Amino acid sequence: MTALLIDLDGTMVHGNRMIEGADQFIRMCRDRQIPFLFVTNNSSRTPEAIADMLSGMGIKTAGEEICTSAQAAAQYVSRKRPGAKVYCVGEEGLQQALVSAGLQLVEEQPDYVIQGIDRHFTYAKLSAAMQWIMQGAAFIITNPDVQLPTHEGLIPGAGTIGAAIEAASQTRPVVIGKPSGILMDYALNRLGIKAEQAVVIGDNMLTDIAAGAAAGCRTALVMTGVTTSSNMEQHIQTAGIRPDYVCSRLNELWGDCLSPGK
Ligand SMILES: [Mg+2]
């Protein structure tokens, strides 16, 4: 059996537009009963909000089919310390995931500082995060991406805020999102499968493919996002790994890594 861990931006969608053929790819996965999860570093939105967005584009999706770095971070912490006190720098998706995992959101004396994208980030939040980490709180970031591509160009990503907290506190965070294997391990667990059974599909060598390889999964690179035929070799060199499959579009995977019997 093969199961799929599928990236969203640059693989299924471009911002709020579906990538051509993505709906058909998911329909075929359902027809052939291939288990899959969408796996995203985005911690700002809840799984339900992301599923609604995909459904609105024609990719009918349920919240349980979305796996976010916020959920993986929440589980990571709740396993280490059930009911831990958390100072959260983040938006609704992260806050909700932490509360759902039984963690307590606090402003004072946290056990953990957990950071995701926060478009209301302030100097006061930076100061608080720095202070708590320097007093011994563990530091966790959901998403190390420092830049976020939008249709209006690049904007600062969650990783830029994490980098500010890291610089201020002089402390390296635990990274949950891709390229860390922690998010992939969480997704594999949710599907109840082993790494060898999974193919990680994504557009980014440095995040999706690196995370898949770190977790021991097979990997498939699609050319619908950040990687193009002209920059692919350079990205492969930088990542120091090679994807198992390369295809220009998602649906090409059917003839290759998803052929019957595999
Ligand atoms: Mg992507």
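Quick caveat, the model's predicted, so the values are computed rather than measured. Counting convention: from 1, in listed order, for ligands and their atoms alike.
In this structure, the side chain to side chain contact (heavy atoms under 4.5 Å, CB included) partners of Gln237, at least two apart in sequence or on a different chain, are Glu233. Under the rule for a side chain to side chain contact (heavy atoms under 4.5 Å, CB included), the partners of Ala164 that lie at least two apart in sequence or sit in another chain are Leu126.
Residues in residues 71-80 take part in no salt bridge (Lys or Arg N to Asp or Glu O under 4.0 Å) pair, two or more places apart or across chains.
The 12-atom threshold is exceeded at CD of Gln131, counting heavy atoms of other residues, nucleotides or ligands nearer than 6.0 Å. Annotation for Arg30: atom CZ counts as buried by contact number, over 12 foreign heavy atoms lying within 6.0 Å.
The distance between the ring centers of Tyr112 and Trp132 does not fall below 6.0 angstrom.
The Mg ion (ligand 1) has Asp7 OD2, Asp9 O, Asp203 OD1 as protein N, O or S atoms under 2.8 Å away.
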